[in-house]
Structures are given as structure tokens and as C-alpha cells.
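One structure below.
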Protein chains: 2
Amino acid sequence: MGRTPPGQTRERIYQFVRDRLLSGFPPTVREVKEAFNFRSVQTAREHLEALVNEGRLGKEKGKARGYRLPDSSRLGPPTRLVPLLGRVPAGPLDIAAEDLEGYIPIQAHHSSEELFGLRVRGVSMTGAGILPGDIVVVRRQPTADSGDIVVALIEDEATVKRLRISKNHVELHPENPDFEPIIPDSTDLKLLGKVIEVRRYLERP
Amino acid sequence: MGRTPPGQTRERIYQFVRDRLLSGFPPTVREVKEAFNFRSVQTAREHLEALVNEGRLGKEKGKARGYRLPDSSRLGPPTRLVPLLGRVPAGPLDIAAEDLEGYIPIQAHHSSEELFGLRVRGVSMTGAGILPGDIVVVRRQPTADSGDIVVALIEDEATVKRLRISKNHVELHPENPDFEPIIPDSTDLKLLGKVIEVRRYLERP
DNA sequence: CATCATACCAGACAAATGTATGGTAAGTCA
DNA sequence: TGACTTACCATACATTTGTCTGGTATGATG
């Protein structure tokens, strides 16, 4: 019976399970057994239980595929995939397939948040470090605070701007001196949400 | 026996299952049954099977939690958690616990890539849309091309700059007119890697 | 040497989970 | 009206999956 030094297989099992969990399809104990060519399910199970006892994995006891990444401050909030949209619907996030560019992984602090990604097309926000081609991650909300960077729909066209609220009206400010603020008619403006994250991919895969 | 118009429950079940799959924990048929207060497992199963027949869900037949998003759903490359470092080691990525600020989820195109995140501290790259507090995602590599944005160690201090390579020497250029290019002595320079992504979190959790 | 901790195996059992069969009820259409 | 489609319910069975009990073997330590 071959046997590895203490801790070596454990570490490889942790990485296998972690990768499976991040890919969205948790393994069964038997899948771990097969992945490592053990002859016994119990071998896999003992490694997994040890990882749970060390706090590196969480677990829903007795449930199929029940191992989880733990909710710990080290790993941060749970990760989920959020749709990257080519076009934003005005209503609820019923995503038509042709509007879906892909998905991006986001650490979501509150699971009730409805998030989406949108690709920036213009240069009106370069002064705020938001360049064409960047992706903004937007939390859907119908209102925002003055000073927030928001995504708004004006006559069915989505735009990223800084919101300025005064007594009588709302303004959408660019962060680029070549552009003028937009003062939309209130019936033409629909605020979609607040930009909570900006991402730039510098390299094509 | 209450009953909804055709297609309405189906749509809500699709969204429930899709969100569970995007969050990384696929549901059992019984979990769908309970989420929708059905009295019978078979009700949930029939909706799920219909979604499979419509091509909106995939499935590993006979497997627990076997429903999947179909391959056409453009999920992108697998996600991994990449360490966010407070200090960059000059050697291999053996991370001391005090240097680890947390983890960020990255879609990794090549599993052999060694990645880390680093928080930007200065204003020398604002012209390139990289602001203080941003996180740069770095792929460890010992060389890069002229024009790449890189992370380099100069006298044990990590800096983010644009690399300029000429015949005789290497320069590290800021993207801010208030700063001068750095022309390091070649023994003082260690190139750690290339910046492949920039992230800005606009909101504290 | 005995003891302990760790890494593995074998087999059986309990529970979770997927699946199948038979059914009711409502709405639409010819 | 009958036939068909769809949305639900009830029950049972088959299979997968988690768990437990008993075991061997190796290396380190007192």
C-alpha cells in the first residue's frame, strides 16, 4: 500500500475540492475517491473531515455534495457569477440570451443584491478613472445618493455618469471636461443602479 | 388545488435554479419542491425536465444535484481565488500570513498562471486610469514587453509602472506628468510580473 | 519495545436523492 | 361534448451518496 508523507494528499484534496466548489459543482466523497485513485471511500472522507475540522472547508452534514467553502474573513464573502450584459433591460433582470455577453465572478456581500456588469463605451468618465472597454459592476437600485456613480437609462440608452441631486432636479455629470452635464426630463430618466465596482482586463485571453 | 397560468412557475423555477447554480450550490429536486411549496417531488421534477428539454438547463442524469447551466451559457473560464497581498515577496509565492489581505475571485484562463493581487498606493499611474486604492492583478513573469504595465521591485519596494525597453536599458514610466521616469540600475530591478487586470471597489461592505 | 498519530483499505448500512407510475383538475379547441 | 395540454398531487422504488465499524501499515517518540 503506497502512502504519501503526512499532509501532502490533504493539500491536494483541498485544492481539488476548492476548485470544484469555485467551478460551481461540488464533488461527492466518491468523486474525490476516484480523482485520487483511493480504493476506499472512507479514505477520501477522512481527509475531507480533517479539512472541515481545520476550518478550511465547511459542510452541510448528511447532504449530498455538502462540502462548502467556509464563510470566513480570510476567503471573503461568497463568490457568485454575475451576468455581463450588452444591453440593459428597463424592467426586471429577465435576460434575453442575445443580451448576455458572459459572466464575471463577484464577491457578493448580500445575497439579495441584484447585480449585473456593463461594458463602458464612451470617454465621458475618464476623469474618474473609468475608461472605454472597462466593465462596471452595477447594483440594481432605483435611487442613489448625490455623488454616486450610477447607470441610468435615458430614452432607452444606458449611460454611466456621476449623479448630482439638487432641490429641483437631478443632473448626470461627466468626469471629462469635453462633455456637458445632462439634465434629463424626469420622465425620460430611469435610474438603474449604482456602480459598485470597476474592472479593466488588460489582456485578451 | 391552486394552479398558476402556464409557464409562470416554470420561469420562476428557472431563475431559482440558475441563481443557485451561479452561486455554486446546485439544488436537489426536493429543494426545488420545498422552495416552491409543492406537495409532490414529481411536480418539481417535471418543471426541471421541461427546462432540460427546452435546452435552458443541462443535466447529469441520475446524479445528485445534477442540473447544470448548459454549455451554451457562456460561463467563461473557471474561477479561482487569488491572494491579495499587502507585501510582495521577491522569491516564490510563499505567502506569510501577515502579508495576506484576502482573496479575490479571478477567472483563470490558464491554470498554470501564478497570480496575485496588489493594492496601488500612489498616484503615478492615474493617467492610465489606475487610481490609489485600486487593486492590480499581476501574473508572475520575469520578463514583459515594452509598453506593458508591470510590477517591479526596486530595492524591495514594489511599484506599478509602464515598462519601456530600449537598446541599452530599461525604464519604468509613470502615467502622470508630475512624476519622472525611473531608470533603475539593473542590479536593483526585479520584475515581478505583468498587470493583467485592474479593479476598483467603490463601496466598502 | 510499546504507544500514538497518520494514511490508507474493506464492507455494510442509513439516508438522501433521482425516477417512475398512477392520479386529479383546469383551460383550450374542434 | 371529448380530446389534448398543462400544472399539480401521491406513492413507491432504485440508485446514489453519506456514514460507520473494523482493519493494516508506517513513522516518530519516549
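Keep in mind the model is a prediction, meaning the values are calculated, not measured. Throughout, a chain's letter reflects where its sequence line sits, starting with A, and its residues are numbered from 1.
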With distance as the sole test, does A:Gln107 use its side chain to make a donor-acceptor pair with the main-chain N or O of A:Leu75 at under 3.5 Å? yes
Does B:Phe38 or B:Arg30 map to a spot on DNA chain D nearer the 5' end, using the closest nucleotide for each? B:Phe38
Whole-Å distance between C:dT6 P and A:Glu11 CD? 16 Å
Under 3.5 Å, is there an N or O donor on one side and an acceptor on the other linking the side chain of B:Glu46 and the base of D:dC8? yes
Can you check the A:Glu60 CD to D:dT17 P distance for me, whole Å? 16 Å
Separation of B:Glu49 atom CD from C:dG18 atom C1', in whole Å? 10 Å
Below 4.0 angstrom from OP1 or OP2 of C:dC8, is there any side-chain N or O of A:Arg39? no
Over how many whole Å does the gap from B:Phe25 atom CZ to C:dA16 atom C1' extend? 12 Å
Would you give the length of the straight line joining atom NZ of B:Lys63 to atom CD of A:Glu31, rounded to the nearest 0.5 angstrom? 5.0 Å
Compare all side-chain heavy atoms of B:His109 with those of A:Glu203 and state whether any distance is below 4.5 angstrom. no
NA contact type, A:Lys33, heavy-atom cut-off 4.0 Å: base, sugar-phosphate, or nothing? nothing
Rounded to the Å, how far apart are A:Lys61 NZ and C:dA14 P? 15 Å
Please answer whether the main-chain N or O of A:Phe25 pairs with a side-chain N or O of A:Arg20 as donor and acceptor at a distance below 3.5 Å. yes
Donor-acceptor pair present, B:Arg45 side chain and C:dG18 base, under 3.5 Å: no
Which nucleotide in the list C:dT19, D:dT19, C:dC8 gets nearest to the side chain of B:Lys59? C:dT19
B:Thr43 near the nucleic acid: base, sugar-phosphate alone, or nothing, with a heavy-atom cut-off under 4.0 Å? base
With a 4.0 Å cutoff (strictly under), does any side-chain N or O of B:His47 reach OP1 or OP2 of D:dC8? yes
Whole-Å distance, A:Gln8 CD to D:dG27 P, equals 14 Å
Here the distance between atom P of D:dA7 and atom CG of B:Asn37, to the nearest Å, is 18 Å
Between A:Thr9 and C:dC8, is there a contact of a side-chain N or O with OP1 or OP2 at under 4.0 Å? yes
Taking CZ from A:Arg68 and P from D:dG18, how many angstroms apart are they, rounded to a whole number? 13 Å
Are A:Thr4 and C:dA7 close enough that a side-chain N or O sits under 4.0 Å from OP1 or OP2? no
Taking atom types as they are modelled, is there a donor-acceptor pair under 3.5 Å from the base of D:dC20 to the side chain of A:Gln42? yes
For the CD atom on A:Gln8, are there more than 12 heavy atoms of other groups (residues, nucleotides or ligands in this structure) within a distance under 6.0 Å? yes
Is there a donor-acceptor pair closer than 3.5 Å between any side-chain N or O of B:Arg162 and the backbone N or O of B:Glu175? no
Ignoring hydrogens and angles, does a donor from either the side chain of B:Ser40 or the base of D:dA10 sit under 3.5 Å from an acceptor on the other? yes
Considering only heavy side-chain atoms of A:Lys63, the closest of C:dC8, C:dT17, C:dG18 is C:dT17
